[in-house]
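Have a look at the structure below, then the notes.
No experiment lies behind these values; they were computed from the predicted model shown.
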Amino acid sequence: MNHPSPFYDEHVGTQKFTLIYPGNSEHWGPYWNDAGELTRFEGVHEDEEEEIEAVPLGDNRYRLTEKSFGPLSFLQLEWGDEFLAEQVDTQVLKLTQVILPRRYTHFRFIGSPGFSNDNPFAVIVHELGGGWETCMGGFITLTVPISRLQEFQQRASATGQLPGVLQLKV
C-alpha cells in the first residue's frame, strides 16, 4: 500500500492484544522513570488492562498502533510508542518497560469530521514523517517525530491555526 508518510508503514502487521500495566489510584498509567522502568504506586495492588493493537517487533518488543478507548483511554502510551512486554497468553501482554527516548510527540485537538490528507496540518505532518488519525468524528491526533518538532511548530504556526492544539506529554 502506498502511504502518504513512512510513519504508517511502521504500523503494518498489527495484532490485537490485551495489555496489562500498573496504574495509579485513578487508573491512569503506566508511569515510568527516565530509563523507562515502570513505577508502581503505594497502595495500588491491581494492574490495569486495555485492549490494544500493536506490531510485534521481536525480542518481546512491540509498537503501539491503537488504543481501544482512543482519546478517552487511561493508557499513557501513544500511537507509535515502543515497549517491552512479556507474553502471558497468546493475546495478553504484561508491560515491563517503555522504550525511551520516545520517537514521536503527539498533539490532540477537536476538529471537523472532514479532516483529510489535504488539510494543511496533515500535509505538514506527512512531509515531516508523521501521521494523523481521527476518532469519534472529531478528536484528531497529530503525531510528529520529536526530531522534527521545532520545524512542525514553526510551520504549523505559519498556518495561523496552532492555538487550541494540545501537546500531549513527551
Verdict with reasoning, Ile124 to Arg148, per side-chain contact (heavy atoms from CB on, under 4.5 Å): CA-CA 11 Å; Ile124 293 167; Arg148 312 280 310 263; over 6 Å; no
Any chain of hydrophobic side-chain contacts (each under 4.5 Å) joining Leu19 to Leu57? no
Indicate, with yes or no, if the rings of Phe7 and Tyr104 have centres closer together than 6.0 Å. yes
Quick check: does any side chain N or O of Thr96 sit under 3.5 Å from a backbone N or O of Leu84, one acting as donor and the other as acceptor? yes
Less than 4.5 Å apart, side chain to side chain, heavy atoms only: is that true for Leu149 and Glu151? no
Are Arg63 and Arg103 packed together at the side-chain level, in the sense that at least one heavy-atom pair is separated by less than 4.5 angstrom? yes
Taking the six-membered ring for Trp, is the centroid-to-centroid distance between Phe17 and Tyr62 below 6.0 Å? yes
Validation row: Ile52, Leu64 side chains within 4.5 angstrom (heavy atoms): yes
If only atom types and distance count, is the side chain of Thr141 paired as donor or acceptor with the main-chain N or O of Glu133 below 3.5 Å? no
Are Phe41 and Trp28 close enough that their ring centres sit under 6.0 Å apart? no
Working note: Leu38 + Val98, criterion side-chain contact (heavy atoms from CB on, under 4.5 Å); need CA distance, chi angles, decisive distance, verdict. CA-CA 8 Å; Leu38 303 180; Val98 176; 4.2 Å; yes
N-O pairing of Glu82 and Arg61 below 4.0 Å: yes
Are the side chain of Lys67 and the backbone of Leu77 linked by a donor-acceptor contact shorter than 3.5 Å? yes
Could you tell me which non-hydrogen atom of Leu75 sits nearest to which non-hydrogen atom of Pro30, and how far apart they are? CD1-CD, 3.6 Å
Under 3.5 Å: donor-acceptor pair, side chain of Thr18, backbone of Val92: no
Is Glu127 salt-bridged to Arg155, cutoff N-O under 4.0 Å? yes
Could you walk me through whether Val125 and Val144 pass the side-chain contact (heavy atoms from CB on, under 4.5 Å) check? CA-CA 6 Å; Val125 166; Val144 179; 4.2 Å; yes
So, taking the atom named CG in Leu128 and the one named OG1 in Thr143, what distance separates them when rounded to the nearest 0.5 Å? 12.5 Å
Side chains of Gln76 and Tyr21 in contact at under 4.5 Å (non-hydrogen atoms): no
Glu86 (side chain) donor-acceptor with Asn60 (main chain) under 3.5 angstrom: no
Does Val44 share a hydrophobic cluster with Ile20, counting links as ILVMFWY side-chain heavy atoms below 4.5 Å and allowing steps through other members? no
Which heavy atom of Arg108 sits nearest to which heavy atom of Glu78, and what is that distance? NH2-OE1, 3.3 Å
Would you check if there is a donor-acceptor pair between the side chains of Thr14 and Glu66 at a distance under 3.5 Å? no
Are side-chain heavy atoms of Phe152 and Phe107 found at a separation under 4.5 Å? yes
ILVMFWY cluster, Leu95 and Leu100 together (side-chain gap under 4.5 Å): yes
Contact summary for Pro4 and Asn117, nearest pair of heavy atoms: CG-ND2, 3.9 Å
Are Leu93 and Gln15 side-chain neighbours, meaning at least one heavy-atom pair lies under 4.5 Å? no
Please report the shortest heavy-atom distance between Pro22 and Arg40, naming the atom on each side. CB-NH1, 3.3 Å
Heavy-atom distance under 4.5 Å between the side chains of Ile140 and Phe121, does that happen here? no
What is the minimum heavy-atom distance between His3 and Val12, and which atoms define it? CE1-CG2, 4.5 Å
Provide the closest heavy-atom pair for Val55 versus Thr65 in the form atom of the first, atom of the second, distance. CG2-CG2, 3.7 Å
Please enumerate all residues that pass side chain to side chain donor-acceptor pair (under 3.5 Å) together with Gln87, with sequence neighbours excluded. none
Are side-chain heavy atoms of Asn119 and Trp132 found at a separation under 4.5 Å? no
Look at atom CG of Asp89 and say whether more than 12 heavy atoms of other residues, nucleotides or ligands are closer to it than 6.0 Å. yes
